Protein chains: 2
Amino acid sequence: MMISTKGKYALQTMIDLAQQAQMCACEDTECTCVSLKAIAERQNISLKYLESIAALLNRGGLIKSTRGKDGGYRLAKPAEEITVAEVMAITEGSLAPVSCLDTCSDGQCVHADGCLTLPMWQKLDAVIDEFLSGVTIRDILERRI
Amino acid sequence: MMISTKGKYALQTMIDLAQQAQMCACEDTECTCVSLKAIAERQNISLKYLESIAALLNRGGLIKSTRGKDGGYRLAKPAEEITVAEVMAITEGSLAPVSCLDTCSDGQCVHADGCLTLPMWQKLDAVIDEFLSGVTIRDILERRI
DNA sequence: ATAATCCCTATTATTTCAATAGGATTAGTA
DNA sequence: TACTAATCCTATTGAAATAATAGGGATTAT
């Protein structure tokens with residue numbers, strides 16, 4: 001499995017936040033704050049687990065938090081400017097299809113020169129990244145994909 | 001990680017077999033038999049682990065075995081007719097990027113209808129399969145990729 | 001003050017991965 | 001026939017990653 005529940009939940013969270021922001025009709029950007037409790041219930045995810053995922057997204061700059069009562073999270077930028085690739089990079093780390101890809105590409109693998117398979121894995125990695133970089137949260141939300 | 005060492009080693013093995021068959025200049029198809037011991041040494045893989053991987057490829061119909069002394073394995077069909085996708089399907093099982101993909105696609109997920117992300121994961125899965133289905137052992141061997 | 005929320009560190013249960021172990025079976029060869 | 005080198009088969013294990021869980025601390029609106 002390339003993408004664990006962590007990345008899957010993170011994406012669900014981003015979509016949920018985008019959805020809730022959309023629903024809010026008023027002009028106050030602060031009122032689009034959504035609590036993890038609400039997301040956890042809607043998406044059926046453990047609240048405590050979700051907290052650790054939200055922390056990653058927050059540190060990664062994809063969401064912003066408001067602490068204290070009535071606090072919560074909101075998207076740090078418009079849904080059409082956030083790609084699935086960004087969300088995965090922050091929560092899953094590398095999406096390299098094989099483990100040696102990162103080190104081999106860095107020239108740390110002594111066999112990289114003669115390795116027949118490396119170029120193929122690199123190409124696959126590029127294909128995946130290209131696809132995920134082309135899909136935004138907005139695309140998913142509006143069922144454009 | 002999408003592809004474990006099992007799939008990686010399996011591909012290395014297929015390439016090794018193709019390479020050795022190429023090297024054999026005689027007409028006797030049986031003489032292209034390559035022992036796992038030789039592959040394990042060349043590819044630096046544990047022999048015992050390789051045995052279990054070769055068993056999968058054998059049952060999957062990608063290689064053929066000859067038992068007893070001077071036995072070994074050989075490709076079941078020409079290298080240009082074996083794709084990386086086949087090798088991965090046999091050794092890794094599903095390459096579904098997220099765990100729910102297989103069950104959701106089978107209509108076993110009660111939420112699949114309203115699931116916004118399912119189409120995206122399905123598309124990613126298709127993109128990966130399309131790429132790997134387009135690469136043959138021969139392509140890799142001749143550095144065409 | 002209180003309650004609701006985010007924030008932080010540590011621990012644990014489960015599963016998967018990667019390999020190891022120990023033989024049984026088969027076939028070529030002296 | 002005995003010997004050897006190979007595939008074949010089942011079970012076990014050690015290590016790592018995954019997916020939570022636990023217990024609180026800090027912050028803020030009311």
Side-chain angles (χ1 to χ4, degrees), chain A residues 1-10 12-13 17 20 28 30-41 43-60 62-74 76 88 91-100, chain B residues 1-10 12-13 17 20 28 30-41 43-60 62-74 76 88 91-100:
Chain A
M1 202 61 44
M2 186 170 53
I3 289 154
S4 66
T5 59
K6 193 184 280 186
K8 204 183 98 183
Y9 290 168
Q12 287 177 233
T13 299
L17 287 176
Q20 300 308 315
D28 186 358
E30 294 302 310
C31 87
T32 61
C33 245
V34 182
S35 76
L36 288 186
K37 190 168 174 248
I39 297 175
E41 279 168 9
Q43 306 289 336
N44 199 35
I45 304 170
S46 144
L47 174 60
K48 278 294 189 179
Y49 192 28
L50 192 54
E51 282 184 350
S52 65
I53 294 168
L56 292 174
L57 293 170
N58 196 11
R59 272 177 237 138
L62 291 190
I63 59 178
K64 283 180 180 168
S65 71
T66 304
R67 299 187 66 171
K69 196 170 190 299
D70 296 337
Y73 291 94
R74 60 192 186 285
M88 293 306 136
T91 51
E92 296 283 339
S94 166
L95 282 190
V98 290
S99 61
C100 66
Chain B
M1 203 60 45
M2 184 167 55
I3 289 155
S4 67
T5 57
K6 193 184 282 186
K8 205 182 97 184
Y9 290 167
Q12 286 175 235
T13 299
L17 287 176
Q20 300 308 315
D28 185 0
E30 294 303 309
C31 88
T32 59
C33 245
V34 182
S35 75
L36 288 186
K37 188 164 174 252
I39 297 175
E41 277 167 10
Q43 305 289 335
N44 200 35
I45 304 170
S46 146
L47 173 61
K48 278 294 190 180
Y49 191 28
L50 192 55
E51 282 184 352
S52 65
I53 294 167
L56 292 174
L57 293 171
N58 197 10
R59 273 177 239 139
L62 290 191
I63 60 179
K64 282 179 182 169
S65 72
T66 303
R67 299 188 66 171
K69 195 167 189 301
D70 296 337
Y73 292 93
R74 60 192 186 285
M88 294 307 136
T91 51
E92 296 283 338
S94 166
L95 281 189
V98 291
S99 60
C100 68

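Quick caveat: nothing in here was measured; it's all calculated off a predicted structure. Each chain gets a letter, A, B and so on, in the order the sequences are listed, and its residues count up from 1.
Rounded to an integer number of Å, the gap from NZ of K8(A) to P of dT18(D) is 15 Å. When rounded to the nearest whole Å, the span between OH of Y49(B) and P of dG14(D) equals 17 Å. Atom P of nucleotide dC17(C) and atom CD1 of I45(B) are separated by 17 Å, given to the nearest angstrom. The separation between I3(B) atom CD1 and dA18(C) atom C1' is 17 Å, rounded to whole Å. With rounding to whole Å, D70(A) atom CG is found 8 Å from dA29(D) atom P.
Phosphate contact (OP1/OP2 of dT18(D), side-chain N/O of S4(A), threshold under 4.0 Å): absent. The side chain of T66(B) contributes no N or O atom lying less than 4.0 Å from OP1 or OP2 of dA27(C). Within the structure, a side-chain polar atom (N or O) of Y9(A) is placed less than 4.0 Å from OP1 or OP2 of dA20(D). Between N58(A) and dC7(C) there is a side-chain polar atom (N or O) within less than 4.0 angstrom of OP1 or OP2. OP1 or OP2 of dA20(D) sits under 4.0 Å from a side-chain N or O of T5(A).
When distances are taken from the side chain of E51(A) to each of dC6(C), dA19(C), dA6(D), the shortest belongs to dC6(C). In the set dC7(C), dA27(C), dT5(C), dA27(C) carries the atom at the smallest distance from any side-chain atom of R67(B). Nearest to the side chain of L36(B), among dT7(D), dG23(C), dT21(D), sits dT7(D). Taking the side chain of Y73(B) as heavy atoms from C-beta on, and the options dC17(C), dT20(C), dT7(D), the nearest nucleotide is dT7(D).
Judged by distance alone, with hydrogens and angles left aside, the side-chain atoms of S94(A) form a donor-acceptor pair with the main-chain N or O of A96(A) at under 3.5 Å. Side chain of Q20(B) to main chain of V34(B): no donor-acceptor pair is present (N/O by atom type, distance under 3.5 Å, no hydrogens or angles).
Side-chain contact of T66(A) with R74(A): a donor-acceptor pair under 3.5 Å is present, judged by distance alone. Between the side chains of S4(A) and E92(A), at least one donor N or O sits under 3.5 Å from an acceptor N or O.
With the nearest nucleotide of DNA chain C identified for both K69(A) and S46(B), K69(A) has the one nearer the 5' end. Comparing G68(A) and K6(A) along DNA chain D, the residue whose closest nucleotide (by nearest heavy atom) sits nearer the 5' end is K6(A).
Within the model, atoms CD of Q43(B) and CG of L50(B) stand 9.0 Å from one another, a figure rounded to the nearest 0.5 Å.
As judged by a 4.0 angstrom heavy-atom cut-off over every strand, G71(A) is placed among residues touching the sugar-phosphate backbone only.
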